[in-house]
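When a ligand or atom number is given, it counts from 1 through the structure's own listing order.
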Amino acid sequence: MNDPLEGWSPVQQRTLNVLRRGGDPVIFNPEFVENVRAEMREALNHFAARLDPDEEIWVSKHRIASVLECEEHHLQPDEFEWTTANAKGTIAHRAIELLLSWPPRLGDPTPIDLVDQALARLADESRSIGQWINGLSPAEDADVRGQTAVRVTQFVENFPPLSPRWAPVTEASVRWPNIGPITLAGKVDLLFGRPNGRESRKVIIDLKTGRPNARHRQDLAFYALLETLVREVPPRKVATFYLDSAEAHADDVSERMLETAMRRTLDGIHRIIELESENRPPTRQPGVSCRWCPLGESCHDGLAYLSGRLATN
Ligand code: SF4
């Protein structure tokens with residue numbers, strides 16, 4: 001009999017072991033799931049009553065994390081601009097999406113084939129990344145292609161080959177609820193598996209470069225909560241796959257994880273409303289976000305925190 005893992009690298013096999021199902025089927029108590037959904041609905045209704053009639057609030061993992069990390073930083077204007085550093089993730093995800101649907105008659109694509117196709121498709125879109133790609137000089141274009149191809153290569157070499165039987169999807173958008181002034185939303189890098197009735201089988205993956213940190217796990221717990229609110233069946237597992245080190249850090253989804261994510265999300269929304277709608281003055285909370293805070297040199301607390309970190313490193 002053929003070995004289904006034949007040709008897989010040790011890293012691919014190790015990653016599969018971290019992500020695969022094991023033991024008994026995972027089935028969450030339906031009453032627990034309904035209680036989470038009911039508590040979230042009730043809380044959002046209370047929050048909505050604090051907003052002006054035409055106000056709307058968009059709640060993402062990034063906004064929850066930023067308001068809980070440092071309120072002063074959270075209120076700074078978002079001056080987002082596309083750069084090679086932040087665009088390569090989006091382009092790589094599109095390249096991986098193309099890999100999933102690549103016609104077999106075209107043979108195995110190389111990472112640079114996938115990146116070129118992804119760039120061509122994104123350049124055709126009216127989204128701001130399309131305008132950014134169309135404005136690149138030849139040298140900048142080569143730089144983006146090269147850096148994104150590294151990311152795609154890391155994924156192709158180290159992640160288990162995604163069988164169509166796993167129902168893999170990239171950049172899947174999720175939002176809840178679909179009415180009302182407060183919307184929780186997210187876009188998952190990669191997910192696979194489908195619930196079988198009430199049995200949890202879905203796995204949510206975030207692709208990251210750099211070192212692990214606590215925020216990555218909190219982001220994934222937020223996605224697990226969103227999935228529970230939308231589909232009524234929690235995912236089985238969440239994992240961050242670190243492309244540079246080819247390591248998957250996975251957590252089984254549990255009632256405790258979902259409850260913690262719910263409390264954290266509600267705390268974040270409460271603070272967002274206090275700061276953005278009710279004009280409560282923000283507090284400063286030095287921490288990792290001082291490293292990319294636009295207040296940088298002008299924030300005494302942040303400078304003290306960063307110099308303390310430098311002294312102890
Ligand atoms: S430098 Fe740090 S403490 Fe100061 S506002 Fe920015 S994130 Fe907050």
Practice item. Show which atoms of ligand 1 fall inside a sub-4.0 Å distance from at least one heavy-atom site of Ser289. Key: 7 (S)
Check your understanding: With under 30° as parallel and over 60° as perpendicular, where do the rings of Phe159 and Phe192 fit, or are they tilted in between?
Key -> perpendicular
Review point. Would Arg41 and Glu34 count as a salt bridge (charged side-chain N to carboxylate O under 4.0 Å, His left out) if you check the C-alpha gap in whole Å, the side-chain angles of each, and the deciding distance to 0.1 Å?
Key: CA-CA 10 Å; Arg41 266 194 304 263; Glu34 189 39 46; 3.0 Å; yes
Practice item. Around atom 4 (Fe) of ligand 1, list the protein N/O/S atoms within a radius below 2.8 Å, excluding water molecules. Key: Cys299 SG
Check your understanding: Going hydrophobic residue to hydrophobic residue with side-chain gaps under 4.5 angstrom, can you get from Leu243 over to Leu100?
Key -> yes
Point to revise | Cationic N near anionic O, under 4.0 Å, Glu199 to Arg21 | key: yes
**Study point:** Plane angle bin for Tyr242 and His249 - parallel if under 30°, tilted between 30 and 60°, otherwise perpendicular
**Key:** perpendicular
Practice item. Go through Glu39 and Arg263 one step at a time and tell me if the salt bridge (charged side-chain N to carboxylate O under 4.0 Å, His left out) criterion holds. Key: CA-CA 10 Å; Glu39 194 171 333; Arg263 302 276 159 248; 2.7 Å; yes
